[in-house]
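As structure tokens, the structure follows; a few thoughts come after it.
Everything numeric here is computed off the predicted structure, so don't read it as measured data. Throughout, a chain's letter reflects where its sequence line sits, starting with A, and its residues are numbered from 1. All heavy atoms count here, side chains included; hydrogens, waters and symmetry mates do not.
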Amino acid sequence: MAHWLFKSEPDVFGWDHLTALGQAGSEWDGVRNYQARNIMRQMAIGDTGFFYHSRTGLEIVGIVEVIATAHPDSTAQDGKWECVDVRALKRLPRPVTLDQIKSDDRLPDMVLVKNSRLSVQPVSDAEWQIVLELAGHSPD
DNA sequence: GCCAACGTTGGC
DNA sequence: GCCAACGTTGGC
């Protein structure tokens, strides 16, 4: 299973919004960036991702699961954009802040640090494990 | 709220 | 196909 990172402003659509939708989850719509779209096309059902609060919060707060592969974004008029569906899986015991990630010398290549503008990002297996560890997440 | 970084658009 | 102008994102 591959891992990803989804960014959203909590004022617009935050972790609490997603958890309120329960198992049904939500379209990850509104992405209007080709690189992000291409990354979403690579996602498979059952993949997991971090949920990151941008602009306010600046921390990873939870884990989401991909429940539908890329399909046309219903909020796009021209049919050019796509999205996946995700649902909230679990809140992290401790949020992992951007500062923590930036100052961790094991995470120099995280896209969150290297390309802060990309709203949907790949996360390597190693990065995934390190962030879980920082979050105090106990192994299943 | 500012503005640097980045992506997209469109005139040439 | 270049690149200036413009719009958006997101850390600060």
*asked:* I need a per-nucleotide contact map over nucleotides 2-9 of chain B, read 5' to 3'. Cutoff is protein heavy atoms under 4.0 Å; write B for the base, S for backbone only, - otherwise.
replied: B--BBSS-
_Contacts of type side-chain contact (heavy atoms from CB on, under 4.5 Å), residue A:E127, not counting sequence neighbours_ = A:L107, A:D109, A:M110, A:V123, A:S124
Nearest whole Å is fine: how far is [N] [atom2] from [X] [atom1]?
X      : N      : atom1 : atom2 : value
A:L118 : C:dG10 : CG    : C1'   : 12 Å
A:L98  : C:dG10 : CG    : C1'   : 10 Å
A:E9   : B:dG1  : CD    : P     : 13 Å
A:M110 : C:dG10 : CE    : P     : 14 Å

*Does the A:K114 side chain pair with the main chain of A:P108, one donor and one acceptor, at a distance under 3.5 Å?*
no
*Of all residues at least two apart in sequence or in a different chain, which pass the ring pair (Phe, Tyr, Trp, His ring centres under 6.0 Å) check with A:W4?*
none
*Just jot down the ring pair (Phe, Tyr, Trp, His ring centres under 6.0 Å) partners of A:H17, sequence neighbours excluded, or say none.*
A:F13
*For A:R117, which residues count as a salt bridge (charged side-chain N to carboxylate O under 4.0 Å, His left out) partner, sequence neighbours excluded?*
none
*asked:* By the side-chain hydrogen bond (donor to acceptor under 3.5 Å, both in side chains) test, which pairs, at least two apart or in different chains, include something from residues 48-63 of chain A?
replied: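 side-chain hydrogen bond (donor to acceptor under 3.5 Å, both in side chains) check on residues 48-63 of chain A returns A:H3-A:T48.
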